[in-house]
Amino acid sequence: MTETVQSKLTRKDFQSDQEVRWCPGCGDYVILAQVQKMMPELGIARENIAFVSGIGCSSRFPYYMNTYGFHTIHGRAPAIATGLKASRPDLQVWVVTGDGDALSIGGNHFIHVLRRNVDLKILLFNNRIYGLTKGQASPTSELGKKAKSTPYGTIDAPFNPMHLALGAGATFVARTSDADPVHMTEMLRRVAQHKGSAFLEILQNCVVFNDAAFESFTAKDMRASRQIYLEQGKPLVYAGGTKGLRLVDGHPEVLDLASGKAPGEPMIWNEQAEVSAAFALSTCAAPDFPEPVGVLRAVDAPVHHILQESQSDAVRKKLGAGNLAKLLTSGDTWTIS
Amino acid sequence: MTETVQSKLTRKDFQSDQEVRWCPGCGDYVILAQVQKMMPELGIARENIAFVSGIGCSSRFPYYMNTYGFHTIHGRAPAIATGLKASRPDLQVWVVTGDGDALSIGGNHFIHVLRRNVDLKILLFNNRIYGLTKGQASPTSELGKKAKSTPYGTIDAPFNPMHLALGAGATFVARTSDADPVHMTEMLRRVAQHKGSAFLEILQNCVVFNDAAFESFTAKDMRASRQIYLEQGKPLVYAGGTKGLRLVDGHPEVLDLASGKAPGEPMIWNEQAEVSAAFALSTCAAPDFPEPVGVLRAVDAPVHHILQESQSDAVRKKLGAGNLAKLLTSGDTWTIS
Amino acid sequence: MESVSTQPHHPAHKSHELSAVTIRFCGDSGDGMQFTGSEFTRVSALAGNDLQTLPDYPAEIRAPVGTLAGVSGFQVQFSSAPVFTPGDAPEVLVAMNPAALKSNLADLVRSGTLILNSGAFTKQNLDKAGYTSNPMEDGSLAAYRVHAIDISKLTATALADTGLSAREIARAKNMFALGLMLWMYSRPMEATVKFLEQKFAKMPDVAAGNVKALKAGYYFGETAEIFTETFVVRAAELPKGTYRSISGNEATALGLVATSELSGLKVFLGTYPITPASDILHELSKHRNFNVNTFQAEDEIAAVCASLGASFGGSLGVTSTSGPGVALMQETISLALTVELPMLVINVQRGGPSTGLPTKTEQADLLQAIFGRNGEAPLPVLAASGPADCFDAVLEAARVAIRHMTPVILLTDGFIANGQEPWKLPEAEQLAKFAPKFRTDPKDYHVYERDPKTLARAWVRPGTPGLEHRIGGLEKHKLTGNVSYDPDNHEEMVRTRAEKVARVADDIAPLSILGPKSGDVLVLGWGSTCGAIQQAVQQLQAKGHSISAVHLRHLNPLPKDLGEILARFKKVVIPELNLGQLQMLVRARYLVDAQGIHKIKGKPFRVSELKSALEGYLS
Amino acid sequence: MESVSTQPHHPAHKSHELSAVTIRFCGDSGDGMQFTGSEFTRVSALAGNDLQTLPDYPAEIRAPVGTLAGVSGFQVQFSSAPVFTPGDAPEVLVAMNPAALKSNLADLVRSGTLILNSGAFTKQNLDKAGYTSNPMEDGSLAAYRVHAIDISKLTATALADTGLSAREIARAKNMFALGLMLWMYSRPMEATVKFLEQKFAKMPDVAAGNVKALKAGYYFGETAEIFTETFVVRAAELPKGTYRSISGNEATALGLVATSELSGLKVFLGTYPITPASDILHELSKHRNFNVNTFQAEDEIAAVCASLGASFGGSLGVTSTSGPGVALMQETISLALTVELPMLVINVQRGGPSTGLPTKTEQADLLQAIFGRNGEAPLPVLAASGPADCFDAVLEAARVAIRHMTPVILLTDGFIANGQEPWKLPEAEQLAKFAPKFRTDPKDYHVYERDPKTLARAWVRPGTPGLEHRIGGLEKHKLTGNVSYDPDNHEEMVRTRAEKVARVADDIAPLSILGPKSGDVLVLGWGSTCGAIQQAVQQLQAKGHSISAVHLRHLNPLPKDLGEILARFKKVVIPELNLGQLQMLVRARYLVDAQGIHKIKGKPFRVSELKSALEGYLS
Ligand SMILES: Cc1ncc(C[n+]2csc(CCOP(=O)(O)OP(=O)(O)O)c2C)c(N)n1
Ligand SMILES: Cc1ncc(C[n+]2csc(CCOP(=O)(O)OP(=O)(O)O)c2C)c(N)n1
Ligand code: SF4
Ligand code: SF4
Ligand SMILES: [Mg+2]
Ligand SMILES: [Mg+2]
């Protein structure tokens with residue numbers, strides 16, 4: 001590996017020379033800032049990091065990171081990143097994508113990367129709209145949403161990105177929002193640390209086409225009561241401890257701990273448990289439930305490139321290192337002299 | 001609708017004149033037979049039924065059904081069927097697909113059809129292998145599977161199709177196997193009755209490339225002890241009532257009811273409950289758990305073509321029936337005379 | 001071109017009559033230039049001018065205010081004579097900030113009029129635009145008639161007491177500019193006032209503010225001593241009829257509505273948003289009271305698949321996209337042509353390759369349309385030649401698809417998709433119907449039995465009793481449609497599919513030639529270059545040159561009389577916004593040494609550049 | 001062709017020496033005909049014959065036993081002289097059941113030898129094959145030398161006491177047939193015995209049974225009085241060297257291994273199974289002890305994307321597929337060419353359009369390769385001309401990709417992918433290396449700065465400090481690579497990309513002409529038709545005709561000397577397994593009235609049909 005004075009890297013080192021071109025007030029700025037701030041902590045040289053994105057406002061991200069970067073085509077970033085990681089396990093590979101990019105056109109690659117547990121750090125900027133193409137409904141837009149393409153409201157029920165990721169077998173699933181940079185930074189750290197596919201849904205505000213989509217629960221004064229922070233080993237409580245959650249026959253149930261009207265024991269959160277509880281928690285949604293943020297799942301499982309490398313090693317051990325002359329003359333040969 | 005003496009339709013009426021061309025002993029024969037047997041029960045005229053498939057051994061299915069049929073391209077059947085159903089809500093549309101067709105190349109359409117709740121009857125023939133292309137690993141092949149494309153074993157973890165479907169928001173998910181035609185017929189009936197996307201995973205034996213893949217739990221003498229039949233309103237018990245299942249903190253737990261070593265109250269199965277329990281049940285897999293068969297989820301939710309039609313109606317009510325002359329001359333016009 | 005006259009209602013100023021004017025409005029993306037330009041256009045159209053427009057907005061992302069990347073422009077040529085293009089170069093440039101000036105000045109004709117919002121020429125904005133000195137002061141604009149007006153401040157002053165926020169006031173300055181231009185071209189304000197009141201009906205304050213800004217601009221022109229003249233561009237002598245101004249994407253959507261009415265079929269648009277095609281979806285989705293349905297799929301593959309599924313169901317499946325989307329659709333288009341179902345694929349071309357230049361125009365997807373599939377996979381390819389022509393082109397493409405039971409690709413492009421022109425409305429009742437005859441008779445039905453004339457197979461609607469059948473992508477028996485691996489059958493089917501598409505040419509109307517039927521140079525064109533080519537050729541003809549032009553609607557198959565026409569000219573020149581795609585087809589087919597004029601700049605041809613390039617081929 | 005000689009070890013029979021023989025084995029899919037044919041081929045190769053094979057299996061599904069749809073065939077021509085094709089028509093047909101007879105008889109030469117497994121000619125099987133009377137009895141085979149042998153029964157009898165099941169015994173009857181043929185062509189049995197013992201090492205009973213059947217067939221030939229003659233086909237006078245028999249897909253995979261060794265790069269094959277390309281994956285995945293990696297993606301889009309990702313990472317990304325897969329890949333290929341990274345796309349062509357005829361061969365994806373992308377999106381296209389040539393073609397394609405920093409499409413087809421021929425092994429040490437020079441120097445690095453000769457940009461491996469950079473699919477500045485919407489820059493980039501690909505022609509070796517350098521007819525070919533064309537042309541030359549042939553490896557760009565060569569012939573004829581794709585390119589480029597010979601039957605050309613078609617062009 002290259003000799004770099006990594007400890008001296010600062011946020012600035014991760015800023016490219018390109019002017020940032022999102023709309024003023026776009027949530028993407030907050031995410032970019034947090035990523036650039038967090039990167040130096042990782043102690044990884046800039047040249048060993050690559051950002052791969054698809055197409056969308058969010059996907060302009062790599063241009064602004066002073067690392068290796070690839071702004072690819074719509075929906076394909078996970079597939080391109082898979083090849084990059086498989087051929088270069090030494091790189092840390094990040095994928096930046098939008099709700100349309102990842103879940104609409106790119107849905108197949110998204111689920112396959114997760115099932116294979118390819119070691120990618122996937123940041124999904126979910127603004128529940130197509131930003132770049134100016135305001136069509138996305139697969140996370142709520143049923144009935146009126147958008148440019150659906151003047152009478154969309155008739156397509158949305159995906160829950162956490163559901164989909166868990167259903168695909170994701171080993172790491174977390175959620176945060178652009179309204180809470182401190183929490184986001186913590187989640188970014190966790191993403192960077194995870195071995196295998198790490199999926200982070202970031203609720204991101206598109207000021208132009210879907211302003212305030214998450215405000216009802218991400219606004220500073222709403223967070224405590226409308227969000228539940230999942231924290232490893234801690235009880236599932238929110239609203240200043242006045243409310244809690246438990247699972248009954250697999251389904252979440254709100255506990256009213258203060259008034260005692262709905263008493264019970266809040267569940268102790270375990271992000272390393274089998275997948276069902278994470279799935280159950282991810283069904284929680286406003287207004288009946290608090291919206292979950294934090295780490296829903298973080299389990300160790302065989303990682304794609306590690307399996308691949310150990311398989312190659314095993315084959316080499318068995319067959320000996322490749323020898324072209326030997327290979328060509330293997331099998332039935334005859335000689336004419 | 002057309003005047004047909006539907007009550008007189010028989011199994012034979014659903015057999016086309018094409019010779020069936022699967023390998024002798026292939027599980028596909030059993031499925032074809034059950035579908036042809038069940039169809040007359042529905043009381044739907046042949047001409048109002050369409051089978052759409054992708055590419056694969058399984059996807060030859062439409063050729064053998066004497067209904068309207070479309071053998072399309074690899075992975076795209078759900079998308080083509082979506083257009084068919086959206087433009088012809090009066091038809092009953094079935095999709096026949098394989099594990100590669102639906103979950104590999106067709107994964108994106110598969111999940112989107114489910115989230116939209118398009119009224120399609122989807123039969124996934126899961127043989128955990130690519131049959132038609134002669135034996136490569138599929139997305140449901142178990143980790144480590146040695147197949148033609150993976151002589152040293154696949155390093156890709158498989159999908160659980162039920163997980164994926166539930167994660168995508170499926171309103172109906174069920175499972176059966178070609179080893180149990182009676183149960184299959186019951187499931188086919190349920191599929192036909194469901195309003196919205198109905199997804200049935202059929203464990204299907206590929207005698208040539210993946211023989212006996214499911215035998216350990218689908219074989220006649222194994223079924224009772226290694227499968228759990230999910231039945232609406234009944235307790236989750238198996239092995240002749242000696243074992244049961246319940247959910248603890250969202251996760252399934254085996255109850256040993258006979259010996260009393262692991263006592264407890266088996267859960268009462270409710271296919272109409274919120275999705276989490278179904279998801280939890282679908283994590284059950286041999287050898288630690290019984291394999292679930294039956295209906296995992298069956299809930300009523302807005303159906304795509306019904307939303308669409310009522311939207312069209314509403315627009316017509318609001319704007320009046322379309323009038324071309326009026327439309328063309330709408331907006332700012334001026335006249336030169 | 002310019003003749004002095006007097007205008008009774010503007011006594012204080014001389015009023016010149018002009019036959020044609022090209023104006024460009026430019027400013028920051030946030031300055032509302034598209035809106036300003038469109039409204040100016042609308043008023044000109046209502047005044048009876050012929051016109052064409054060329055919106056030119058930046059990449060899809062809003063760049064930081066004041067930067068070069070964020071400049072948005074809208075050009076319109078309006079005239080009392082027929083107009084073929086949005087004008088080569090503006091004679092009037094309205095620049096709302098330094099960045100807009102910088103990136104547009106080069107296009108302004110020498111001695112052209114430059115209207116600058118001097119209030120935006122701050123140090124900061126000059127820096128952002130990369131100016132080291134203020135062009136208003138450094139003499140670099142000496143060649144133009146410069147009018148520096150502090151539009152920002154004038155607007156702010158005018159709206160000071162409206163109670164509008166500073167931001168709202170700042171946004172109203174485009175109305176000041178519009179007012180000024182309306183005055184300058186002797187236009188009434190009423191239509192705009194009404195429009196603003198409607199648009200901001202829910203925000204009466206904003207409406208009033210905008211109207212106030214508009215009037216401030218108008219009266220500023222009338223009052224201030226800066227401008228000594230106004231202009232009049234009289235109504236064009238267009239053919240009699242009712243007109244509206246229309247963009248290509250709107251015309252395409254209306255063509256689809258008309259298709260459904262004329263064919264009696266449900267039109268099902270399965271599509272996925274992509275620049276510059278998305279507006280077709282946006283427009284069509286409004287008209288759900290007609291027998292049309294729109295479906296935003298998960299991707300282009302699903303979009304075209306859903307439309308093929310709809311066609312299988314007896315509707316007309318349509319999809320709209322741009323080049324990268326077509327790439328994804330080809331496998332399904334290939335299926336459509338082998339199962340022989342009608343379908344319409346509309347490609348609004350943009351700059352390529354790959355993501356390329358999404359907001360810019362190009363004609364480089366022709367060969368992709370004709371050859372971009374595996375195997376011998378022929379299908380008809382048509383192109384629209386202008387914004388309004390998109391309507392007719394859609395009808396023609398749909399007619400071909402239905403009559404010949406085949407998918408058809410229709411090419412338009414970003415230029416005509418977004419550009420506007422007056423459209424003489426057709427009489428709805430006089431549009432020819434083209435309802436398909438669905439087969440319902442089960443007797444002797446064979447899935448691939450063909451009409452002896454067109455070679456089209458019969459279309460059967462699922463739901464028809466006794467005609468249950470199966471189709472698919474494997475090669476099929478020439479009569480029964482059952483899967484067939486027979487070698488001779490395959491060759492026959494390949495040749496039959498080719499012949500079927502070739503026979504589309506049987507119905508193509510004879511080509512019309514602009515100019516003499518033989519001569520030195522034939523200019524052959526297709527698609528959106530029509531206006532520029534025709535104007536250039538007419539100008540050269542007026543100079544006495546032996547030059548004619550033919551414009552193609554049908555690119556595959558080529559019209560039957562084309563070869564014979566080509567042979568009557570000494571030289572064939574093919575201008576294209578690509579590196580020579582039609583040129584290659586013509587050379588291969590007719591062995592004619594056709595030459596090309598190529599421009600690949602994301603912009604349409606200018607008449608002047610075409611003219612000078614063509615002059616090179618004239619003795 | 002036939003000369004009588006005596007063979008010492010077969011005293012009982014006359015032994016004729018033949019220069020070339022074409023045999024076809026055919027039977028039910030379950031009869032093991034591919035295995036039988038391959039083994040016969042292997043033994044012939046070991047005996048030093050030159051040869052080519054043509055497997056012909058049915059669609060991918062196993063049809064019910066005994067039906068026409070289930071017939072599988074394997075043809076091999078082996079010879080003491082150079083062999084260019086698998087033979088036009090078999091002189092010997094081994095038919096294991098009525099269906100096989102029915103679907104293959106038409107190909108057998110008149111007076112050819114017909115060996116029938118009479119035991120399979122039951123009423124039921126005759127019915128399944130659609131025979132109304134038994135051809136063995138109704139005189140319909142009178143034109144042939146028929147040998148009806150109850151192979152089923154003879155095998156059953158021979159293996160009666162082996163303890164094998166009835167099914168295992170039935171399956172061994174192909175070994176009886178093989179034994180008989182080995183005897184007939186004076187081949188030793190040892191190699192086959194050894195092979196069977198290895199193959200069934202884990203089932204010694206089965207091995208022994210198969211060996212027994214083999215010997216039974218062999219000794220039946222020797223003993224029975226049915227056959228009066230055996231034949232000898234001597235070793236061919238091939239160039240000195242070590243040989244092995246190889247199929248095109250195997251050679252492709254070995255070419256990829258060699259690419260990795262010669263370039264020093266990791267070869268990353270991202271692919272998705274598809275007939276007839278899957279075997280490339282199957283073969284390459286065995287060689288993981290080399291610096292190669294295989295990845296079965298979720299679809300073709302992901303396959304090509306992963307390989308592009310690998311190329312971005314500094315490996316050589318490769319993908320293998322067939323036409324429908326290429327259709328899905330074009331959007332990503334377009335990205336690859338605009339970011340200018342090397343990548344190899346291998347298209348093993350099959351019958352189209354759409355799903356078409358997956359197991360049959362065709363050359364109809366050439367224009368898809370060259371033109372099938374949106375925008376002006378040029379890339380080099382190469383083709384392999386035979387099974388063994390796939391190895392060289394892969395090396396050449398990889399060399400071009402790396403040297404010119406571009407994706408390259410390599411075309412092979414089902415015929416050469418599955419067909420086998422002897423391959424004179426190259427000396428591994430003498431293969432030229434072509435390691436890329438990755439840039440590591442950060443000084444003055446500009447992402448799109450170009451090598452002045454090739455116009456290739458520098459390749460930078462992520463991980464290199466100081467060279468961090470971003471690339472993407474939007475149009476980019478010609479030097480910095482930053483996103484650029486500048487019109488002139490776009491045109492320059494479009495032209496530069498075209499010129500870069502055109503310059504690949506600078507390195508193409510001069511074309512070699514088979515025959516005189518000028519004359520009446522030039523036959524121009526590409527791809528898998530090479531053998532048939534060369535043989536046909538040589539035969540016509542031997543008859544004294546003025547005819548020559550040129551075969552192209554490079555289809556885009558075309559070699560620089562091609563135009564000049566074409567001009568030296570009165571007529572140019574282009575035989576293709578399509579409707580005239582190279583023909584169109586040649587006509588457009590050189591304005592030569594090139595004619596075409598077209599066959600679209602899912603089968604390669606026969607020498608005889610080519611010859612007679614070419615005769616039509618000779619005076
Ligand atoms: C093949 C293809 N289809 C469509 C497009 C147009 N397109 C670009 S981005 C986008 C969606 C953007 O939405 P999202 O992924 O949510 O990103 P956001 O802009 O909201 O960050 C679309 C449809 C494209 N570039 N390529
Ligand atoms: C675009 C495309 N890619 C690949 C193929 C080849 N192909 C046909 S079927 C198939 C997989 C079949 O597996 P599955 O869906 O599990 O069906 P099964 O044959 O097992 O029933 C593949 C890879 C194809 N026909 N088209
Ligand atoms: S359109 Fe929305 S998502 Fe895109 S940059 Fe603007 S605010 Fe951000
Ligand atoms: S290959 Fe397998 S799945 Fe296909 S027909 Fe044969 S047994 Fe059935
Ligand atoms: Mg979005
Ligand atoms: Mg399968």
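Below, chains carry the letters A, B, ... as their sequence lines are ordered, and counting in each starts from 1.
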Subject >> Residue pair C:Ala277 / C:Thr321: nearest heavy atoms and the distance that separates them >> reply: CB-O, 3.4 Å
Original post:
Do you know the tightest heavy-atom contact between D:Arg589 and C:Arg587?
Top reply: O-NH2, 3.6 Å
What part of [X] is in contact with chain D, defined as an atom under 4.5 angstrom from a non-hydrogen atom: side chain, backbone, both or neither?
| X | result |
| --- | --- |
| C:Ala498 | side chain |
| C:Glu376 | both |
| C:Leu366 | neither |
| C:Lys599 | both |
| C:Gln349 | neither |
| C:Val339 | neither |
| C:Ile370 | neither |
| C:Ser484 | backbone |

For the residue pair [X] and [Y], confirm or rule out a side-chain donor-acceptor distance under 3.5 Å.
| X | Y | result |
| --- | --- | --- |
| D:Asp593 | D:Gln595 | yes |
| D:Gln583 | D:His598 | yes |
| C:Asn374 | D:Asp365 | no |

Quick check for you: among [options], which has the greatest number of heavy-atom pairs under 4.5 Å with chain C?
| options | value |
| --- | --- |
| D:Pro378, D:Gly351, D:Ser354, D:Ala327 | D:Ser354 |
| D:Glu362, D:Gln368, D:Arg497 | D:Gln368 |
| D:Pro353, D:Gly323, D:Ser334 | D:Pro353 |
| D:Glu475, D:Glu331, D:Glu491, D:Met584 | D:Glu491 |

Any idea which of [options] has the most non-hydrogen atom pairs under 4.5 angstrom with chain D?
| options | answer |
| --- | --- |
| C:Leu367, C:Leu591, C:Asn489 | C:Leu591 |
| C:Gly325, C:Gly602, C:Ala377, C:Pro324 | C:Pro324 |
| C:Gln330, C:Gln363, C:Lys603, C:Arg495 | C:Arg495 |
| C:Ile333, C:Leu579, C:Leu328 | C:Leu579 |
| C:Asp486, C:Val326, C:Thr332, C:Leu335 | C:Leu335 |
| C:Gly372, C:Ser103, C:Gly472, C:Ala588 | C:Ala588 |

Original post:
Under 3.5 Å, side chain of D:Ser29 to main-chain N/O of D:Gly70, donor-acceptor pair present?
Top reply: yes
Original post:
Are C:Leu341 and C:Met405 side-chain neighbours, meaning at least one heavy-atom pair lies under 4.5 Å?
Top reply: yes
Subject >> Proximity breakdown for D:Val592 and chain C, heavy-atom pairs closer than 4.5 Å >> reply: backbone
**OP:** With a 4.5 angstrom heavy-atom cut-off, could you sort out which part of D:Glu492 is near chain C: side chain, backbone, both or neither?
**Re:** neither
**OP:** Name all residues meeting the side-chain contact (heavy atoms from CB on, under 4.5 Å) criterion together with D:Ser320; count only those two or more places apart in sequence or in a different chain, and write none if there are none.
**Re:** D:Leu269, D:Thr271, D:Ile280, D:Ile346
Subject >> Step-by-step salt bridge (charged side-chain N to carboxylate O under 4.0 Å, His left out) determination, D:Arg606 to D:Asp107 >> reply: CA-CA 11 Å; D:Arg606 292 179 177 186; D:Asp107 291 339; 3.0 Å; yes
**OP:** Run the salt-bridge test on C:Glu340 and C:Lys500 with the 4.0 Å N-O cut-off and return the result as yes or no.
**Re:** yes
**OP:** Could you tell me whether D:Asp413 and D:Arg350 have a side-chain N and a carboxylate O separated by less than 4.0 Å?
**Re:** no
Original post:
Mind checking what makes ring pair (Phe, Tyr, Trp, His ring centres under 6.0 Å) contact with C:Phe312, not counting sequence neighbours?
Top reply: B:Phe70
